[in-house]
Each structure stands twice: as structure tokens, then as C-alpha cells.
Amino acid sequence: MLALVLAATLFTMPAPPTDMTRSVLTDVCLPYVTGESDDTAALEFLGFLAAPPSGEGRMYVTEDEAYLLRLTTSGTAEDSDLNRVCVIQARRGGFDGAKASVQPVMRQQGFAPEAGQPADRPIWTRGGVTVSLRQNPGAAAIVRVVFSSLDAGI
């Protein structure tokens with residue numbers, strides 16, 4: 001009987017999303033940098049584990065190490081120099097996959113693409129938040145989400 005209960009529980013648990021980059025962007029990075037949430041529940045749901053620190057901020061990694069995540073905060077709102085940074089390193093899917101994940105989110109949430117940016121380094125902005133995407137040769141795609149109180153004008 002216990003086995004049936006366990007099996008039913010496993011089947012009713014939500015499955016991790018199929019588009020991980022998009023989910024991390026919408027459920028972790030954007031809420032984090034805008035100050036809406038610093039909750040780790042989304043990280044846990046997406047399968048991230050705390051990783052040993054390497055430099056500034058908190059580090060997370062998926063069990064298969066396909067995604068690395070760094071969350072960093074510096075400065076304060078009182079001093080008008082608050083910066084929050086969320087960096088997603090997507091080791092699967094490459095640049096095109098990350099771009100296909102990020103672009104629809106940027107459009108839906110009202111971000112404007114910066115004119116004159118090369119196609120292989122797009123940047124979107126909205127109200128103090130900048131989202132950039134890049135990939136260096138032989139490296140993973142990097143989605144960098146930054147909030148700066150200086151850019152927000154608060």
C-alpha cells in the first residue's frame with residue numbers, strides 16, 4: 001500500500017520545465033533582480049543545488065551540471081547604488097537555444113531591444129533592468145540579468 005501512495009505522489013508532482021533557460025529567467029532571475037522575490041523555492045523546483053562559492057554571490061548548479069546560476073547583490077537602495085545580478089550559464093542548447101528562450105519573455109514583459117547591437121550579443125532593457133545574451137567561442141551561452149538603481153532612476 002505504501003508503494004502505491006509513493007507512486008501516486010511521484011506521478012502528481014509537477015515535472016521540471018522543458019525550457020529551463022526560460023524558466024530560470026522568468027521564475028528566478030527577473031523576480032530576483034527586481035526585488036520581487038529572493039525565495040529559493042523556484043530554485044529547488046527547477047533542480048538547482050547550492051554550489052560551493054566561487055567569487056561573489058550565491059552559486060547554484062543543476063545536478064547534471066547543465067546549468068549554473070549566480071546571484072549577486074551589491075550596494076544599497078539608500079545609497080542609490082543598488083545592483084542585483086543573476087547570471088545563467090546554459091551548458092546545453094547553445095546560443096540559438098538560449099536566444100529562442102529569452103526573446104519571447106522579453107517581448108511579453110515589455111523589454112525593448114537595444115538598437116545597433118550585433119545579432120550574437122542582443123541586449124534588452126526596461127526600467128533599470130538589462131538582459132544580455134552572449135556566447136564566447138567554445139563556451140556556454142550566458143544570460144546576464146542586471147538591475148541597477150542608477151539606470152532605474154530611483
Residue pairs passing the disulfide (SG to SG under 2.5 Å) test where at least one lies in residues 21-124, sequence neighbours excluded: Cys29-Cys86
If I take atom CZ from residue Phe111 and atom CD from residue Gln103, how far apart are they, to the nearest 0.5 angstrom? 13.5 Å
Ignoring hydrogens, what is the shortest heavy-atom contact between Thr72 and Gly57? Give both atom names and the distance. OG1-CA, 3.8 Å
Cluster overlap Val85 with Val61, hydrophobic side-chain contacts below 4.5 Å: no
Rounding to 0.5 Å, atoms OH (Tyr32) and CG (Leu43) come to a distance of 10.5 Å
Please list, chain by chain and in numerical order, all residues satisfying side-chain hydrogen bond (donor to acceptor under 3.5 Å, both in side chains) with Thr34, sequence neighbours excluded. Glu36
For Arg84 and Val33, indicate whether the former's side chain and the latter's backbone hold a donor-acceptor pair under 3.5 Å. yes
Is any side-chain heavy atom of Val28 closer than 4.5 Å to a side-chain heavy atom of Phe48? no
Which atoms form the tightest heavy-atom contact between Arg70 and Arg144, and what is the distance? NH2-NH1, 3.7 Å
Leu68, Ile142: one ILVMFWY side-chain cluster at the under-4.5 Å cut-off? no
For Phe95 and Pro122 the tightest heavy-atom approach is CZ-CD, 3.8 Å
Exam field: side chain Asp19 to backbone Arg22, donor-acceptor pair closer than 3.5 Å: yes
Counting only heavy atoms not in Glu114, do more than 12 fall under 6.0 Å of its CD? yes
As a quick check of understanding, evaluate side chain to side chain donor-acceptor pair (under 3.5 Å) for Tyr60 and Thr40, giving each step before the final call. CA-CA 11 Å; Tyr60 299 91; Thr40 59; over 6 Å; no
Among all residues two or more places apart in sequence or in another chain, which pass the salt bridge (charged side-chain N to carboxylate O under 4.0 Å, His left out) test with Arg58? Asp38
For Ala141 against Ala98, the heavy-atom pair lying closest together: CB-CB, 3.9 Å
Apply side-chain hydrogen bond (donor to acceptor under 3.5 Å, both in side chains) to Arg92 and list each qualifying residue two or more places apart in sequence or on a separate chain. Asp64
Provide the closest heavy-atom pair for Ala140 versus Ala90 in the form atom of the first, atom of the second, distance. CB-O, 3.4 Å
Would you give the length of the straight line joining atom CG of Leu46 to atom OG of Ser23, rounded to the nearest 0.5 angstrom? 5.5 Å
Going from CD on Glu56 to OG1 on Thr73, what distance comes out if it is rounded to the nearest 0.5 angstrom? 10.5 Å
Would you say Leu133 and Val146 are hydrophobically clustered, going by side-chain heavy atoms of ILVMFWY under 4.5 Å? no
Among the clusters formed by ILVMFWY side chains lying less than 4.5 Å apart, do Val24 and Val87 turn up in the same one? no
Quick one: does any side-chain atom of Thr62 pair with a main-chain N or O of Tyr67 as donor and acceptor, under 3.5 Å? yes
Are Asp81 and Thr76 close enough, and set up right, to give a side chain to side chain contact (heavy atoms under 4.5 Å, CB included), and what steps lead you there? CA-CA 6 Å; Asp81 66 349; Thr76 65; 4.1 Å; yes
Could you grab the distance from atom OG of Ser132 to atom CD1 of Ile123, nearest 0.5 Å is fine? 5.5 Å
Before you tell me yes or no, could you show the steps for Val145 and Leu25 under side chain to side chain contact (heavy atoms under 4.5 Å, CB included), namely the whole-Å CA-CA distance, both residues' side-chain angles and the distance that decides it to 0.1 Å? CA-CA 8 Å; Val145 185; Leu25 177 65; 3.6 Å; yes
Which heavy atom of Gly75 sits nearest a heavy atom of Leu82, and at what distance? O-CD1, 3.7 Å
Checking Pro118 now: which residues fulfil side chain to side chain contact (heavy atoms under 4.5 Å, CB included) with it, not counting sequence neighbours? Asp120, Arg121
Looking at residues at least two apart in the chain, or sitting in another chain, which of them share a side-chain hydrogen bond (donor to acceptor under 3.5 Å, both in side chains) with Gln135? none
So how far is it from Arg134 CZ to Gln117 CD, rounded to the nearest 0.5 Å? 13.5 Å
Quick one: do Val143 and Thr21 satisfy side chain to side chain contact (heavy atoms under 4.5 Å, CB included)? Show the steps, please. CA-CA 8 Å; Val143 179; Thr21 302; 4.1 Å; yes
Examine Val129 and Leu71 and state if one hydrophobic cluster contains both, with Ile, Leu, Val, Met, Phe, Trp and Tyr joined whenever side-chain heavy atoms are less than 4.5 Å apart. yes
Verdict with supporting geometry, Val105 and Leu30, side chain to side chain contact (heavy atoms under 4.5 Å, CB included): CA-CA 10 Å; Val105 173; Leu30 289 173; 4.0 Å; yes
